[in-house]
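FYI, side chains are in, hydrogens and waters are out, and symmetry mates aren't considered; it's all heavy atoms of this structure.
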Amino acid sequence: MAARGRGIGGIVSWFIRIVIYDICITGIQDALGVSRMAALFIFLGLLALFAFGAYMLRKRMSSEADAEI
């Protein structure tokens with residue numbers, strides 16, 4: 001496993017991500033007073049919005065770079 005760049009570091013990285021996601025979901029749950037499942041869907045919706053916004057920004061910036069050439 002370590003030869004492929006994973007191993008203990010990959011496992012630790014995975015656990016850190018899980019803890020951060022859990023903190024975010026718990027924060028949404030406490031702030032809005034919703035169930036954990038609703039907070040999870042809100043969190044996933046926010047991630048989807050950020051991903052879509054980044055995709056649109058990248059698409060716009062790459063088309064502007066192509067136009068300058």
- Residue from I42, L40, L44 passing side-chain contact (heavy atoms from CB on, under 4.5 Å) with I25: L40

Grouping I, L, V, M, F, W and Y whenever their side-chain heavy atoms are under 4.5 Å apart, do [X] and [Y] come out in a common cluster?
| X | Y | answer |
| --- | --- | --- |
| M37 | L46 | yes |
| Y21 | W14 | no |
| I18 | I11 | yes |
| I20 | L47 | no |
| F52 | M61 | no |

- Item | Test item: T26 and R36 side chains (from C-beta on) under 4.5 Å apart, heavy atoms | yes

- Query: At their closest point, which heavy atom of V34 faces which heavy atom of I28, and how far apart are they?
  - Reply: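 That closest heavy-atom pairing would be CG2-O, 4.4 Å.
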
- Message: Using 0.5 Å steps for rounding, measure from the CD1 atom of I8 to the OG atom of S13.
- Response: 12.5 Å

